[in-house]
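Labels below follow one simple rule: chain letters A, B, ... track the order of the sequence lines, proteins then strands, and each chain is numbered from 1.
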2 protein chains.
Amino acid sequence: MNLKQLSETLGLSQTTVSRALNGYPEVKEATRQRVLLAAEQSGYRPSTRAKGLATGQALAIGHVIPISSKHEMVNPIFGDFIAGAGETYAQNGYEMILTTVDDAQEEQIYRGLKARRAVDGVVVHGPRMDDPRIALLHDLELPFVVHGRASGATTAYDWLDVNNRSAFYRATSFLCDLGHRRIGLINGLETMDFAHRRRAGYAGALKDHNIPIDQALMTSGEMTEGNGYDGTLEMLASSAPPTAIIASSMISALGVRRAIEERGYVMGRDISVITHDDMLSYLQNGQDVPIFTATRSSVRDAGRRLAALLLRRIANPAAPEQHELLEAELMLGRSTGPAPLQAPLHISPSSPQKGPHP
Amino acid sequence: MNLKQLSETLGLSQTTVSRALNGYPEVKEATRQRVLLAAEQSGYRPSTRAKGLATGQALAIGHVIPISSKHEMVNPIFGDFIAGAGETYAQNGYEMILTTVDDAQEEQIYRGLKARRAVDGVVVHGPRMDDPRIALLHDLELPFVVHGRASGATTAYDWLDVNNRSAFYRATSFLCDLGHRRIGLINGLETMDFAHRRRAGYAGALKDHNIPIDQALMTSGEMTEGNGYDGTLEMLASSAPPTAIIASSMISALGVRRAIEERGYVMGRDISVITHDDMLSYLQNGQDVPIFTATRSSVRDAGRRLAALLLRRIANPAAPEQHELLEAELMLGRSTGPAPLQAPLHISPSSPQKGPHP
DNA sequence: ATCAAAATTCAAAGCGCTTTGGAATACCGT
DNA sequence: ACGGTATTCCAAAGCGCTTTGAATTTTGAT
């Protein structure tokens, strides 16, 4: 069923039917109702393509998901973020077009999206330090918003970010106030902007508590269980092991916990742990009382809001830049406690296992 | 830059330019080169919409992701699956359109996709028992393929599935052969078709080893860390606890491990664990030696293959149904060992923790 | 040189929608 | 009843591409 057929059925012109459907005022109310009913009954829906051609809009948003070509890794927050953004799009009649791409082809993809007029705007995921995409999209005049920020960008742009710096500042301060002086940081890849900010928050808090920074207590890498495990094991093996560890994601934190327990320590008593928690739907941090003390911020909510930001930008290209800085909550869980008075006894691990990742 | 402009630049008709670009034979080779070069230099790319309108193809594939309206959960395998499918689409010039939807609106979404001619075909995710989507899509005459199978479907359809039954049969048999007689199953939601098949494999193996089925050793639910933990704790607390547990996903397995260790048992010695491993990029099962013994099958690879299946279906709507049944490998890891000669001593847990999810 | 066949190019129609510029009809006060 | 204004509807153009059917040029054989 297309417009022509529908209008013939009704004995009206395509113009009138189109206007009735799109809510224009120059059509009699009775006629509109008649059209609406007929459209409903026949299941008529305008062709996306034809409509897009006629209006010049794509009614679609592009999400270009970078997949680290080295580790072939898909960011685990991705599913929940998309779910959030999808809600917003659905409410506004937009479609979501997904492209996965490794870093090398990124520029091509954005240029293609623009040249083919496939989308009205894009969401930039996982901004890196001095991310070249900002300038590129700016030059292409393709509306975009960034999930996170890209330090070093020379042009203004719309973004939504968690206040990573303050979150990690608070987490670190909280541990300091509990008496911890040796605090480890299992960070994400520091080419990523957010990891950079988190470290700044961590370092800032240590400085404010007059605690020197120890390179041996900082690792960075992809946020996998394995890296959390490896990093923790390494720190624990050092001559001056930490009494607390901050992890950058729930996934790494699971590895941190595994290493701690495998070494025979008790999390929350011998070693305190704080993690950042994106509130992924399949990895909930406890039901009532959180297992992990965590800096918490819903990535799904971020998706919803960021999508809204983009739609606003598209509706009004000349508006001033929009920014949204979400503060993470510090949720108290069972994984933190006062610093042990002395270095924890090193109980021999209950399991002789000592190996790679789960 | 559009076709008209490009053709004027070249002093050729739109027809010729279009044909040169699309590889038709009726254009002189020298002309084609000239056109190709000009297109390259000017960055010309045909408008997706215009092309789609003219050809009647959408050059897009729809993925409709069900989000359990109850738990608001996004399946964690989703990201990797999409990454795989995306590779195939990119190679073939297709776009991926993503829609997230809760069960109630599913039908509407598919009808909309069809009526608006937004996609050339769709991938059905997470088929349930007697899934109504199969019949619906069949009626709509919208080409589709299914990731998994839907028992009870009355029409033939294309699918790609892991042989869940044989995988869980082998895992269970393997444990039986190691002497285990009380084997727990932490299954996915049994409204899901795959969970049903897995239980059938598990039950079949027990039967073949003359081991009665014990309802107390079977749980099912969303595959979260928390459910893995809760289920395990419950089984371990029973009067006749299992000596081995099979988990339906790495995420649940992490919960299983937490419960085991929290109770003071050693995984692989006191309690054996086998999990299904989808080879998610951020949850690798060890580097060299797997942590968990696992039935392994790459969901990313499944995405790649299933997408190819769909493109073939679209190219040839009348072809006979295509099926691909992938066998999971049984990877030996550190989490399994011979059944303890007697019920494991119940060492008091090293941690007094006893609580909800991690 | 000549003419049919092959190779190359083009003008125009059409895909399904929106939107412009009118045309037709209804309504108002006088 | 009449001119004028609102209201309601419509024909046709246009969005950027592909494709049909025809025109033009080249080629090859005589």
Problem - Comparing L53(B) and L12(B) on DNA chain C - which has the more 5′ nearest nucleotide - result: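 Comparing both residues, the 5'-ward one is L12(B).
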Could you state the [atom1]-[atom2] distance from [X] to [N], rounded to the nearest angstrom?
X	N	atom1	atom2	answer
E8(A)	dA11(D)	CD	P	11 Å
R117(B)	dC17(D)	CZ	P	21 Å
K28(B)	dT9(C)	NZ	C1'	10 Å
R45(A)	dC17(C)	CZ	C1'	15 Å
L59(B)	dG16(D)	CG	C1'	15 Å
E29(A)	dC9(D)	CD	P	11 Å
R32(B)	dT9(C)	CZ	P	10 Å
Q57(B)	dC17(D)	CD	C1'	13 Å

Practice task
For the residue pair V145(B) and W159(B), establish whether any side-chain heavy-atom pair is separated by less than 4.5 Å.
Solution key: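 The answer is no, as the side chains (C-beta and beyond) never meet within the 4.5 Å cut-off.
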Practice task
Tell me, please, which residues at least two apart from Q322(A) pass side chain to side chain contact (heavy atoms under 4.5 Å, CB included).
Solution key: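 So Q322(A) forms a side chain to side chain contact (heavy atoms under 4.5 Å, CB included) with D158(A), L309(A), R312(A), R313(A).
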Exercise for the section: Would you please name every residue forming a side chain to side chain contact (heavy atoms under 4.5 Å, CB included) with L37(A), sequence neighbours left out? Expected result: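 Result, side chain to side chain contact (heavy atoms under 4.5 Å, CB included) vs L37(A): Q41(A).
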Problem - Which residues share a salt bridge (Lys or Arg N to Asp or Glu O under 4.0 Å) with E87(A), sequence neighbours left out - result: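 Expected list: R304(A).
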Practice task
List in chain and number order the residues that pass salt bridge (Lys or Arg N to Asp or Glu O under 4.0 Å) with R305(A), two or more places apart in sequence or in another chain; answer none if no residue qualifies.
Solution key: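 In terms of salt bridge (Lys or Arg N to Asp or Glu O under 4.0 Å), with neighbours along the sequence ignored, R305(A) is linked to D301(A), E324(A).
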Practice task
Run the numbers on F78(B) and V299(B) for side chain to side chain contact (heavy atoms under 4.5 Å, CB included), then give the verdict.
Solution key: CA-CA 9 Å; F78(B) 162 65; V299(B) 73; over 6 Å; no
Exercise for the section: May I ask you to check whether F194(B) and H147(B) place their ring centres under 6.0 Å from each other? Expected result: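 No: the rings miss the under 6.0 Å criterion.
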Practice task
Going 5' to 3' through nucleotides 18-23 of chain D, assign each nucleotide B (protein heavy atom under 4.0 Å from a base atom), S (under 4.0 Å only from sugar-phosphate atoms) or - (no protein heavy atom that close).
Solution key: BBBB--
Problem - Qualifying residue, where the test is side-chain contact (heavy atoms from CB on, under 4.5 Å) with H63(A) and the options are T100(A), V123(A), V124(A) - result: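 Only one of T100(A), V123(A), V124(A) forms a side-chain contact (heavy atoms from CB on, under 4.5 Å) with H63(A), namely V123(A).
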Practice task
Please give the angle, rounded to 10 degrees, between the axes at the start and the end of the helix from dA1(C)-dT30(D) to dT30(C)-dA1(D), where five pairs define each axis.
Solution key: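 Answer rounded to 10°: the end axes differ by 40°.
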Practice task
Return no unless some side-chain N or O of R49(A) is found under 4.0 Å from OP1 or OP2 of dC17(D).
Solution key: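 Negative; the distance criterion is not met.
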Problem - Atom pair OG1/CG of T191(B) and D193(B) - distance to nearest 0.5 Å - result: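 Between atom OG1 of T191(B) and atom CG of D193(B) there are 10.0 Å.
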